[in-house]
Amino acid sequence: MKQIVLSAMLLAISLSVMAVAEPVKIGLITTLSGPGSHLGEDVRDAFRLAIERGEGTLGGIPVELVVEDDGLRPQTGVQIAERMRERDGIGIMTGIIFSNVAMAVVPRLVRGGAFYISANAAPSQLAGSGCHPNYFNAAYQNDNLHEAMGQYVTDVGHRNAYILAPNYPAGHDALAGFKRFYQGDIVAEVYTQLNQNDYAAELAAIRAANPESVFFFKPGGMGINFVRQYAQAGLKDRIPLYGPGFSFDERLLAAVGDAALGVINSAQWNWDLDVPGNAEFVAAFREAYGRTPTLYAAQGYDAAQLIGSGLAAVNGDISRADALRTALLAADFPSVRGEFRFGNNQHPIQHIYARQVVRAENGGLTNQIVGQIFSDHVDAYAAECSM
Amino acid sequence: MAEPAALLHVEGLSKHFGAVTATDNLNLHIAPGELHALIGPNGAGKTTAVAQIAGELRPDSGQIVFAGHTITDWPIQRRVKLGLARSYQITSLFPQFTALDNVALAVQAHQGHSLRAWRNAHRDPRLREPARLWLEKLGLAGRDEIPAAELAHGEQRQLELAMALATNPRLLLLDEPMAGMGSEDSQRLISLLRSLKGDYTILLVEHDMDAVFALADRITVLVYGQAIACDTPQAIRANEQVRTAYLGEQDV
Amino acid sequence: MLLLLEQILNGLQFGFMLFLLAAGLTLVFGIMHLLNLAHGSLYMIGAYTAATVTAATGHFSLGVLAALLVTALAGMLLEAGVFRRLYQREHLDQVLATFAVIFTVNELTRILWGRAPLYLDIPPALAGTIEIIPGAPYPVYRLLIIAVGALVALGLYVLINHTRLGMLIRAGASNREMVGALGANIKLLYTLVFGLGALLAGLAGALAGPILAIEVGMGENILILTFVVVVIGGIGSVRGALLGALLVGLTDTLGRAFLPGLFALVLPPAPATAAGSSLASITIYLLMVLILVFRPQGLFPVQGQHGA
Amino acid sequence: MARKPLIIFLGLAILLLLPIYAAATNDLYLLSLSSRMLIYALAAVSLDLLIGYGGMISLGHAAFFGLGAYVGGILAFHYQEFSLFFGLLPGSNQALIVWPLAVLISALAAAVFGLISLRTSGAYFIMITLALAQMLFFLFTSFSTYGGEDGISLWQRNDFPYLDLDNRYHFYYLCLGLLVGFVGLCQRLVNSRLGMVIRASKQNERRLRALGINPLPYRLVWLTIAGAGAGLAGVLLMNHSHYVSPALLHWTQSGELMVMVILGGLGTLYGPILGAMSLLLLEEWLNQYTEHWQLVLGPLLLLVVLFARRGLYGLLAGRGARDG
């Protein structure tokens, strides 16, 4: 009798061990082809690094990462998410870089009961009225960095600003965000064509207007074009240029070159941020991939750690959705940003720093924190979220 | 001025390509029912003249009057509606269509209603029956379902003529209908054209002198775009100027 | 008024940039009747090569030279391997085959060079600005682009109208058999012409490198604009490409510079900005439509391609 | 050729029975994927009307596809937000209102595009259709009311009498029914008097003119019909993915549709269906195995264009592949 009980107990134990050993699948949909694919690469690499450093686990729970390329096409993103969800039974996803892909994928996904942890894309609709209990953003709300620049340019004392962005929703949000915190006059608000190459016309207009400062938002290749042409037109020494950190990540800086040297930009993280664990992350990333992590890499890493904290709380059983949600909302993980907490709309409440582009020891360009603009900044859409 | 009853008047037609004068002050008058031949050495401007009458080329100057209308500036399709039809020197068909489809389309062009999008045109007796008759008349009976591209060269020429006739024209412009034909086919075509004579007014451009002299009521001789003579076959044969300029070489 | 002058200069510069791309595209079309969507890929290869070689050697001039060589070579290889089979085909096949080449070249570039954009800077000697318009220092490098564009236009004019090769090119465009009869090796001629077209695309890429982002997809981005230029000018006409490029460059630049301001005269600021910038982004398409309504074959129609 | 009806019968049988297989294996994703294929097949067939039958090589077909999707998206957007279109018209979620409207507007747009582009031919036509579609792409990208580049995300599919479109089986069979209906319609079109003129204009325009038919008005009608078909596919896709964005109008989307037509078999009505399905399956499959899927797809496509001109359907059905 004793033996039977013992063997039954052993069986139960081995079963539960097996249940634990079955890794939790995490879907990472990201942009690996098309312009802007280095952002996806950074998020993916950092996410992988987090798993490697956990020796195949996140938060002690074995995980399997399924990576797929959305090609910056919303329809492809939808299709991948659907397959991951329905055929592979994946309940947690992350990785989307661009707002348009996120808007196509996320609302339906979370309504269907899956969890989505954003490592970058943060459209305003999903932070405000479109917020959802299963949607967490581990990066920021899109407007955060623009708002910080608005504050910074005010603090520096520029009495007026000339502001530019591409003619699309993120561009409109960017300038709205800047204006939300900027106290001076707006000389002109200019929207350029998406994927515009040449900015000679806009630069000539800036010179003619002679403002005290210029703020721009130009993601990806557009930013390279704009910053370079700004310097080449001889404007950089006459009118200070400001922008969000998006156009000044280390990989873009390598392409922009000295034209960006000295520019102040905003970000919620930098490699030299002095918080516990950050130096180790930066060193491990450099070791693994031979380059300095960008803010996107930090977001990917934090997203992984956040997921890990949630998985640990439910011991890998993501069907316990309420418990998982509570654990994720607690955000009890060692963020490379330092202290990390969520607001009511499940977007970060966090510090935003001013960074300056400086020359690195190896002769290349990098960012260095020169001050803090916001502390515990709450995004502008939190109030619209009914959660 | 020639007889006012003529179906086609061409007055002072001229066309230049750069420095080359392709048509030089051409006058032409074709009476109803007449078979009028247009001959001349290679490069004399015969095809250019036909193209202007058909409406594919705009003349630089001159006037074309057809059935009482001045059609010089009309687009092709308007001329066709008035009863002008042409065949091409180089075979011009719808190669993927069957022989019957080719003619049926010509019938359709004449009937109109081409915007009808529902009824199956391949089973429309109003198109198929006249088309089949024309094929028969031109000796293509039994070849209905062969794609035009797969017909023998002679058959393609016959088909081309069938299409021109299917538009029910008042004036047929035939641009070298016998080009590239074997003698047997040519003979058949000659007798066919003879049978059409009288019912149709025909402007025939042809290199085959046997055919021309056997068929034509009158002949216009074109050299360097200029009409050097216009007369009955007998008179043309006797014309010194024509002999030296053109016929002499050919040993008529 | 000075601003207008400066913007006109900007428009000319942008136009000449487009011309470098459009010239190769239209040349290849005019002679081989090949519609090459992959022209943008050659432009990208040029930019990547220039950036890589300049970074390795430290000399921009070497980078440009390498870009010319590599793109001409890549062009000729593509011609011999793929495009040659397309000359007698319909445009449809050409569009699809060259669409496939875009996919392939983009992915290869991503594998070879990685996903991050590359760096290429203006050489120090050309880095400054000159005040050719009082009060508006103009980048020397952009003046250089105008100069190169004008030189290429002149060079092509001389090549096509006053050389034996040009004579063959012109003859080849109108009559293949005749060229064959002249004893010229038409295959070689086509390969050379394609190489020349590719070289021009490479030149454009190398020169654009220091101004624009060097990244995968840069070619497609500018390709559509180049198409508009070529269509406006008349497909196959180098003269047309020049005029078309300058028209597009000026229209686009002036539209961007002044349309929002014009709208602001009649509308409140927010809608004026919105309407102005939206309209500015499509001015060149409107220009194209307008020109084609009056000249369906473009400004300089090329003989012998009606309905081709 | 007995092979052709056999293939069509088999194909239709597979499509009809697929949901049963999906139910048996509990693979809902298969249904979603197949519905998507049917929708793209519809768009590809409409493009083949232009390219394969009419010889009008349009590289801007995505414009009508995307426009159809946007009409549905905009109406659903106003329905969701309880707002008015231009302050005038209310939104709607009724498929029987939205879909015909989407078809109508796409057809209208096609007619307008046609008035501009059909004056030209050959390479000009290709480039102009491309540029016109890009123009629309930029307009929608900057149109912030409707989400601009971020597009419109929708809460639910349209309401359809007696059907629940959010039910995968219902939606699948509806898509299948519409595709079969559209192919049937095309079959009639292609063989009608209008179809004869269009096909003739592709083979020999000069001869057609000499017969007294100016192909222009017929081409315009044809382009309008093709645009309507693409618009229907667009509004279906908007329902399928609960989402609309300018990416649907992008020129690469037009290129993709064109690839489907060629891959399947030009100038046939069944080829594009096969092409759409194969391409989507291929993309789906490659994407899972390598992130460098374009490196496989590119050369593969090149080989098809260079050496397998008749496409998959031509290979399967043999010589008799041509319809009508």
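Naming: A, B, ... by sequence-line order, numbering from 1 per chain.
- B:Ala117 touches chain D through backbone and side chain together, each having a heavy atom under 4.5 Å away.
- For the pair B:Arg123 and D:Asn191, the minimum side-chain heavy-atom distance is 4.5 Å or more.
- When the candidates D:Leu185, D:Val197, D:Ile198 are compared by the number of heavy-atom contacts under 4.5 Å with chain B, D:Val197 comes out ahead.
- Here B:Glu56 does not pair with D:Arg209 in a salt bridge; the nearest charged N to carboxylate O distance is not below 4.0 Å.
- Salt bridge absent: D:Arg199 and B:Asp101 never bring a charged side-chain N and a carboxylate O closer than 4.0 Å.
- The candidate from B:Pro95, B:Ser92, B:Ala109 with the greatest count of non-hydrogen atom pairs under 4.5 Å with chain D is B:Ser92.
- The contact between B:Ala106 and chain D is made by backbone and side chain atoms together, counting heavy-atom distances below 4.5 Å.
- Rounded to the nearest 0.5 Å, atoms CD (B:Gln77) and CG (D:Leu216) are 9.5 Å apart.
- Counting all heavy atoms, side chain and backbone alike, B:Leu115 lies closest to D:Val221 at CD2-CG2, 3.7 Å.
- Closest of all the heavy-atom pairs between D:Ala210 and B:Val80 is O-CG2, 3.3 Å.
- Proximity of B:Met163 to D:Arg207: side-chain heavy atoms (C-beta onward) are separated by under 4.5 Å at one or more points.
- The CG atom of B:Asn120 sits 11.5 Å away from atom CG of D:Leu189, with the distance rounded to the nearest 0.5 Å.
- Between D:Arg193 and B:Arg119, the closest side-chain pair of non-hydrogen atoms is not below 4.5 Å.
- D:Asn204 is not listed as a side-chain neighbour of B:Leu93, based on a closest heavy-atom distance of 4.5 Å or more.
- For a residue to count as touching a neighbouring chain, one of its non-hydrogen atoms must lie under 4.5 Å from one of that chain's; by this rule B:His113 touches chain D with backbone and side chain alike.
- Using a 4.5 Å heavy-atom threshold, the side chains of D:Ile213 and B:Ser114 count as touching.
- Heavy-atom minimum distance, D:Gln203 versus B:Gln96: OE1-N, 2.9 Å.
- Heavy atoms closer than 4.5 Å to chain B are found in both the backbone and the side chain of D:Leu208.
- Between D:Ser192 and B:Arg116 there is no side-chain heavy-atom pair separated by less than 4.5 Å.
- The CZ atom of B:Phe94 lies 13.5 Å from the NZ atom of D:Lys202; values are rounded to the nearest 0.5 Å.
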